[in-house]
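As a basis for the values below, the full set of heavy atoms in this structure was taken, side chains included, without hydrogen atoms, waters or symmetry mates. In this text the structure is predicted, and so the values were computed from the model without any measurement. In listed order, ligands and their atoms are each counted from 1.
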Amino acid sequence: MTDTEQRPPVVAIDGPSGSGKGTIARLLAEQLGYSLLDSGALYRLTALAALEREADLSDEATLTEIAANLDIRFELHNGDTAAILEGQDVSRDIRMERVSMAASKVAAMPGVRAALLQRQRDFRQSPGLVADGRDMGTTVFPDAPVKVFLTASAEERARRRFEQLREKGVSVSLRDLLEDIRARDARDMNREASPLAPAEDAVELDSTGVDIDGVLQQVMGLVRERIGTG
Ligand code: DC
């Protein structure tokens with residue numbers, strides 16, 4: 001057996017925002033009893049730390065330094081993961097729109113990505129890990145036995161976001177959301193450092209018009225086939 005085969009298995013779930021990968025990753029981790037890595041939260045935490053320090057968001061050296069020295073941990077609170085930055089629960093703050101925008105900028109910097117790489121790999125613990133992101137299957141865990149690239153049409157993703165915000169009492173225009181999603185997709189796919197793209201050996205699943213349970217069953221099927229559990 002090679003060194004790679006002895007490492008705990010990783011289920012890599014990549015895809016654009018709104019594809020449902022966060023929900024799928026959480027449910028999978030629960031069902032399998034695996035750890036969960038929400039890699040986007042690391043970029044969001046870096047962005048929040050930079051905003052709080054009023055750092056220049058275009059200064060890669062400063063941002064890299066912030067990413068390398070982040071004092072963060074994740075804690076499970078009643079089934080939800082809380083993100084703790086310097087001792088403060090910032091789970092809500094990192095979801096704010098200005099943090100999302102800053103995270104997308106920060107995530108395009110190769111220095112920041114390199115600084116966060118080992119931190120992400122450290123989540124790989126027995127009995128296994130479900131990793132949610134954009135480059136889990138391509139860069140962070142290229143040897144993951146299960147790689148899924150989850151997509152949905154931009155229109156469907158905008159509609160899902162619209163419903164989520166409406167439930168929270170936030171009123172936005174569907175058209176603005178669609179434009180935001182298209183702009184973010186373009187930035188994520190066209191950046192040089194780890195662009196959003198399926199790994200060569202990823203299974204592409206389209207969740208447009210499919211309910212969460214349907215997608216979950218398909219991914220569980222892959223886990224049974226490739227890892228032998230689930
Ligand atoms: O998935 P999310 O919306 O929480 O991600 C926040 C930002 O980080 C988003 O702009 C995409 C980026 N990201 C990334 O570049 N690589 C990852 N593995 C995860 C997120």
A.B. asks: Which residue and non-hydrogen atom of the protein lie closest to atom 3 (O) of ligand 1, and at what distance in Å?
C.D. replies: Arg44 NH2, 2.9 Å
A.B. asks: What I want to find out is whether Arg134 reaches Asp14 closely enough, with some N-O distance under 4.0 Å, to be called a salt bridge.
C.D. replies: no
A.B. asks: Any salt bridge linking Arg226 with Asp201? Criterion: basic side-chain nitrogen under 4.0 Å from a carboxylate oxygen.
C.D. replies: no
A.B. asks: Which residue supplies the protein heavy atom nearest to atom 16 (N) of ligand 1, what is that atom called, and how far is it?
C.D. replies: Arg113 NH2, 3.0 Å
A.B. asks: Show me which atoms of ligand 1 lie under 4.0 Å from any heavy atom of Met136.
C.D. replies: 18 (N)
A.B. asks: Mind checking salt bridge (Lys or Arg N to Asp or Glu O under 4.0 Å) for Glu155 and listing every partner two or more places apart, or none if nothing turns up?
C.D. replies: Arg182
A.B. asks: Looking only at protein heavy atoms, identify the closest one to atom 8 (O) of ligand 1 and say how far it is in Å.
C.D. replies: Tyr43 CB, 3.6 Å
A.B. asks: Looking only at N/O atoms, are Ser100 and ligand 1 under 3.5 Å apart anywhere?
C.D. replies: no
A.B. asks: Quick one: nearest non-hydrogen protein atom to atom 19 (C) of ligand 1, plus distance?
C.D. replies: Ser39 OG, 3.4 Å
A.B. asks: For residues Arg191 and Arg187, determine if any side-chain heavy atom of one lies less than 4.5 Å from a side-chain heavy atom of the other.
C.D. replies: no
A.B. asks: Does ligand 1 have an atom under 4.0 Å from some heavy atom of Arg187?
C.D. replies: no
A.B. asks: Flag the pair Asp80 and Arg26 as a salt bridge only when some basic side-chain nitrogen lies within less than 4.0 angstrom of an acidic carboxylate oxygen.
C.D. replies: no
A.B. asks: List for me each residue that meets salt bridge (Lys or Arg N to Asp or Glu O under 4.0 Å) alongside Glu204, sequence neighbours excluded, and say none if there are none.
C.D. replies: none
A.B. asks: Looking at Phe74, is its backbone amide N or carbonyl O close enough to the side chain of Thr81 to form a donor-acceptor pair, meaning the two atoms are under 3.5 Å apart?
C.D. replies: no
A.B. asks: Determine, for Arg184 against Glu97, whether the closest basic-nitrogen to carboxylate-oxygen distance falls under 4.0 angstrom.
C.D. replies: no
A.B. asks: Determine whether the side chain, the backbone, both or neither of Ser17 has a heavy atom under 4.0 Å from any heavy atom of ligand 1.
C.D. replies: neither
A.B. asks: Can you pull out the closest protein heavy atom to atom 7 (C) of ligand 1? Residue, atom name and distance to 0.1 Å, please.
C.D. replies: Ala103 CB, 4.0 Å
A.B. asks: Using a strict cut-off of 4.0 Å, indicate which atoms of ligand 1 neighbour a heavy atom of Arg184.
C.D. replies: 3 (O)
A.B. asks: Among all the protein's non-hydrogen atoms, which is closest to atom 12 (C) of ligand 1, and how far away is it?
C.D. replies: Ala107 CB, 3.7 Å
A.B. asks: Assess, by modelled atom type and distance only, whether the side chains of Arg161 and Gln164 contain a donor and an acceptor separated by less than 3.5 Å.
C.D. replies: yes
A.B. asks: Does the side chain of Leu45 reach to within under 4.5 Å of the side chain of Ile94, using non-hydrogen atoms?
C.D. replies: yes
A.B. asks: Within less than 4.0 angstrom of ligand 1, does Arg95 place any heavy atom?
C.D. replies: yes
A.B. asks: Which protein non-hydrogen atom lies closest to atom 20 (C) of ligand 1, naming both residue and atom, and how far is it?
C.D. replies: Gly40 CA, 3.5 Å
A.B. asks: Checking a contact table here: which protein heavy atom is nearest atom 1 (O) of ligand 1, and how many Å away?
C.D. replies: Arg134 NH1, 2.9 Å
A.B. asks: Quick one: look at Met109 and ligand 1, take heavy-atom pairs under 4.0 Å, and tell me if it's side chain, backbone, both or neither.
C.D. replies: neither
